[in-house]
Amino acid sequence: MSEDCTSADLLGLLDDECARTILTKTSREPMSAQTLDAECEASRPTIYRRLNDLLDCDLVEKRTEPAPDGNHYARYAATVERIEVFVEENGIEVELGDDEGHAADRFTDVWHGIRGEE
């Protein structure tokens with residue numbers, strides 16, 4: 001998550017249905033704003049605002065790809081596979097990640113918990 005994007009910013013962004021749809025759709029395959037326009041049933045300006053918000057929080061990345069006619073176009077891809085929210089003494093924390101090694105990490109955490117280790 002970007003240093004400029006706070007947990008509150010992220011939670012606010014995830015409260016938006018269009019942003020959630022963009023994140024879900026781009027987690028399957030990179031998509032253009034035009035394709036997302038149809039998928040989200042939102043106006044093109046709304047799609048671009050949400051994409052900018054998601055880019056600011058490092059939840060999606062912009063990929064520039066060449067077209068056969070020599071022009072270039074942008075496609076967007078989700079950069080996270082998992083978003084976790086933790087309620088702690090000093091507030092709510094949000095962690096982003098991918099699933100690489102996730103099962104092994106959970107097993108290690110459980111094992112350390114059983115043994116009383118931190």
Side-chain angles (χ1 to χ4, degrees):
M1 180 168 61
S2 166
E3 291 178 14
D4 295 334
C5 186
T6 66
S7 292
D9 294 335
L10 185 57
L11 291 172
L13 183 57
L14 294 175
D15 187 42
D16 183 84
E17 184 176 348
C18 182
R20 288 192 314 269
T21 301
I22 291 171
L23 195 55
T24 302
K25 299 292 183 181
T26 60
S27 71
R28 294 183 189 125
E29 65 179 301
M31 294 185 160
S32 66
Q34 182 177 0
T35 303
L36 288 166
D37 186 351
E39 293 285 338
C40 296
E41 299 178 10
S43 69
R44 186 77 49 91
T46 297
I47 297 297
Y48 278 111
R49 279 194 303 272
R50 294 307 172 272
L51 282 168
N52 285 331
D53 294 340
L54 291 164
L55 284 164
D56 289 345
C57 286
D58 293 333
L59 296 177
V60 297
E61 66 182 4
K62 182 178 179 180
R63 300 176 181 174
T64 303
E65 299 179 6
D69 63 2
N71 290 319
H72 293 79
Y73 63 96
R75 290 177 22 136
Y76 300 87
T79 59
V80 296
E81 294 178 11
R82 186 179 72 252
I83 300 172
E84 296 180 271
V85 178
F86 299 93
V87 179
E88 299 176 345
E89 286 181 22
N90 57 349
I92 294 178
E93 291 295 321
V94 179
E95 287 185 16
L96 309 174
D98 56 34
D99 282 337
E100 194 172 305
H102 185 253
D105 291 340
R106 278 192 308 198
F107 176 78
T108 301
D109 291 344
V110 168
W111 181 251
H112 287 293
I114 291 171
R115 296 188 61 184
E117 301 172 359
E118 294 203 23

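Values reported hereafter were calculated over all heavy atoms of this structure, with side chains retained and with hydrogens, waters and symmetry mates removed. Throughout, residue positions are numbered sequentially from 1 according to the sequence presented. Worth saying up front: this structure is predicted, and the values here are computed from it rather than measured.
A search for side-chain hydrogen bond (donor to acceptor under 3.5 Å, both in side chains) contacts involving D37 returns R44, not counting sequence neighbours. By the salt bridge (Lys or Arg N to Asp or Glu O under 4.0 Å) test, R63 pairs with E61, sequence neighbours left out. When the side chain to side chain contact (heavy atoms under 4.5 Å, CB included) test is applied to A74, the partners found at least two apart in sequence or on another chain are K62, Y76. For D69, the side-chain hydrogen bond (donor to acceptor under 3.5 Å, both in side chains) partners are N71, not counting sequence neighbours. For E17, there are no salt bridge (Lys or Arg N to Asp or Glu O under 4.0 Å) partners at least two apart in sequence or on another chain. For the side-chain hydrogen bond (donor to acceptor under 3.5 Å, both in side chains) test, residues two or more places apart in sequence or in another chain that qualify with S32 are T35. Residues that satisfy the salt bridge (Lys or Arg N to Asp or Glu O under 4.0 Å) test with E93, not counting sequence neighbours, are absent from this structure. Considering only residues two or more places apart in sequence or on other chains, R49 meets the side-chain hydrogen bond (donor to acceptor under 3.5 Å, both in side chains) condition with T46. By the side chain to side chain contact (heavy atoms under 4.5 Å, CB included) test, I83 pairs with L14, L23, V80, V94, L96, sequence neighbours left out.
Legend: salt bridge (charged side-chain N to carboxylate O under 4.0 Å, His left out) pairs involving residues 22-33, not counting sequence neighbours, sorted by first then second residue: K25-E39. For residues 5-16, every residue pair satisfying the salt bridge (charged side-chain N to carboxylate O under 4.0 Å, His left out) rule, not counting sequence neighbours, is listed here: D16-R50.
One finds the CD1 atom of I92 at 11.5 Å from the OG1 atom of T6 (value rounded to the nearest 0.5 Å). Between the OG1 atom of T64 and the CZ atom of R75 there is a distance of 11.5 Å, given to the nearest 0.5 Å.
The only member of V60, I22, L36 that meets side chain to side chain contact (heavy atoms under 4.5 Å, CB included) when paired with M31 is L36.
Side-chain contact between T26 and L54 is absent, with no heavy-atom pair separated by less than 4.5 Å.
By the 6.0 Å contact criterion, CD on E41 is open, its count of non-hydrogen atoms from other residues, nucleotides or ligands being 12 or less.
When all heavy atoms of Y73 and P66 are compared, the pair lying nearest together is CE2-O, 3.9 Å.
Cys pair C40 and C18 fails the test of SG atoms under 2.5 Å apart.
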